[in-house]
Amino acid sequence: MTLIDDLNQIAQAAQADLDQEGVDLEQVRVAYLGKKGKITQVLKSMKDLSVDEKKAVGQVGNQVREAIQTSLDEKKEAQAAAALNAKLAAETIDVTLPGTKPKLGNRHVLQQIMDEIEGHFLGLGYQVIDDPVDSPEVETDEYNFERENLPKDHPARDMQDTFYITPEILLRTQTSPVQSRALEKHDFSKGPLKMIAPGKVYRRDTDDATHSHQFHQVEGLVVGKNITMADLKGTLLSIMQELFGEKHQIRLRPSYFPFTEPSVEVDVSWDEVTEDTKPEDIRWIEVLGAGMTHPNVLKMDGVDPEEYSAFAFGLGPDRFAMLKYGVEDIRQFYLNDVRFLDQFNKRGN
Ligand code: PHE
């Protein structure tokens with residue numbers, strides 16, 4: 001057996017090892033090509049050979065070495081590709097499986113009503129004032145009361161006791177102060193002022209089924225030339241029919257507010273009213289206060305009551321929501337119980 005035969009046998013053995021399933025390539029490399037590997041061993045034993053023989057064996061040794069190295073490289077690539085394919089197969093996503101549906105929130109029922117009111121008045125060309133600069137919840141006594149024709153000793157203040165921060169600063173009891181803030185800024189050369197102001201108000205009431213120390217109002221004010229009570233009535237009828245339905249009617253009753261003269265309380269019919277309905281059969285429910293703005297209020301806000309007239313109204317979205325949805329306790333709106341709020345989820349998820 002010549003050394004050349006030995007080398008050829010080594011080449012075959014190496015190939016057989018490499019063909020084995022799951023072979024450890026590094027182990028094969030060390031065993032055959034390493035410093036103490038099989039090829040080195042053969043080459044070491046040629047010291048007694050002639051120069052020509054050494055040359056011939058050396059050549060075959062190099063060929064075998066290269067052949068094994070090439071096979072090793074190929075195997076290495078094949079193993080890497082197989083590993084990648086296995087990984088890809090394991091991570092396959094089945095896009096046809098049903099997904100998990102995220103639970104989406106929805107607008108609070110009071111917000112839904114206020115959005116409906118806003119949408120209606122935007123359609124009538126009103127501006128909506130609800131930013132904290134022009135419609136602050138922390139108000140001065142001057143804007144909340146005095147500018148609304150309620151001087152410090154006025155008895156009507158008793159009905160709107162509130163949370164004072166200092167004797168001159170308080171949580172607003174009504175959205176009416178936004179009227180004065182808007183009027184002060186309005187430029188009448190650009191036309192009449194038509195605004196609504198939706199927002200939170202506060203009163204020092206003891207909470208019960210019909211009272212909450214925090215509730216909502218939507219203030220309305222129109223100031224221009226020749227504004228009359230007929231404009232007020234038409235406007236209120238349009239918003240009530242928007243909210244309760246076109247067949248509902250309204251009724252105005254005389255009332256008192258210090259900042260309007262005359263003042264009215266407005267009722268809406270509980271049921272639809274048709275030509276056949278007898279007036280005495282209509283059930284009325286009170287929904288808001290309104291009136292023609294008092295000349296004193298216009299004067300205090302720098303508007304000449306001889307030239308301009310105005311109407312104002314204040315709606316209560318909490319009360320609307322109670323009537324519309326049959327909610328018997330106003331506190332439900334503020335408890336944030338999802339079981340209650342979910343009933344008004346229009347998305348239905
Ligand atoms: N601000 C009044 C209230 O809170 C409601 C109102 C507003 C009445 C505007 C008339 C005009 O009771």
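We count ligands from 1, going down the list as the structure has it; atoms in each ligand are counted the same way.
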Are any of the N/O atoms in S176 less than 3.5 Å from those in ligand 1?
-> yes
For this output row, return yes or no: ring centroids of F313 and Y126 closer than 6.0 angstrom.
-> no
Those atoms of ligand 1 less than 4.0 Å from some heavy atom in A290 | 8 (C), 10 (C), 11 (C)
Taking only heavy atoms of G289, which atoms of ligand 1 are found under 4.0 Å from at least one of them?
-> 6 (C), 8 (C), 10 (C)
Is R203 near ligand 1, meaning one of its heavy atoms is under 4.0 Å from it?
-> yes
Would you call K152 and E168 a salt bridge, taking side-chain N to carboxylate O under 4.0 Å as the test?
-> yes
For G314, the atoms of ligand 1 under 4.0 Å from one of its heavy atoms are 6 (C), 7 (C), 9 (C)
Distance-only, no hydrogens or angles: does the Q112 side chain make a donor-acceptor pair with backbone N or O of F344 under 3.5 Å?
-> yes
Run the contact test for M159 against ligand 1 with a 4.0 Å cut-off on heavy atoms, strictly below, and give the result.
-> no
For atom 1 (N) of ligand 1, what is the nearest protein heavy atom, given as residue, atom name and distance?
-> Q174 OE1, 2.8 Å
Nearest candidate to atom 11 (C) of ligand 1, where distance is taken over non-hydrogen atoms, out of Y256, F259, F257 = F259
4.0 Å heavy-atom contact, E219 with ligand 1 | yes
Output the list of atoms in ligand 1 that are nearer than 4.0 Å to some heavy atom of Q217, sorted by atom number.
-> 3 (C), 4 (O)
Quick one: do the D94 and T96 side chains pair a donor with an acceptor below 3.5 Å?
-> yes
When you look for heavy atoms under 4.0 Å from ligand 1, do you find them on the side chain of F313, its backbone, both, or neither?
-> backbone
Would you say the side-chain atoms of D73 and Q69 include a donor-acceptor pair closer than 3.5 Å?
-> yes
Donor + acceptor pair across side chains of S135, R172 (<3.5 Å) = yes
State, without any angle test, whether E219 and S176 hold a side-chain donor-acceptor pair at a distance under 3.5 Å.
-> yes
Within the structure, does Q179 bring an N/O atom to less than 3.5 angstrom of an N/O atom in ligand 1?
-> no
Name the one of V287, L288, I196 that satisfies side-chain contact (heavy atoms from CB on, under 4.5 Å) with L315?
-> L288
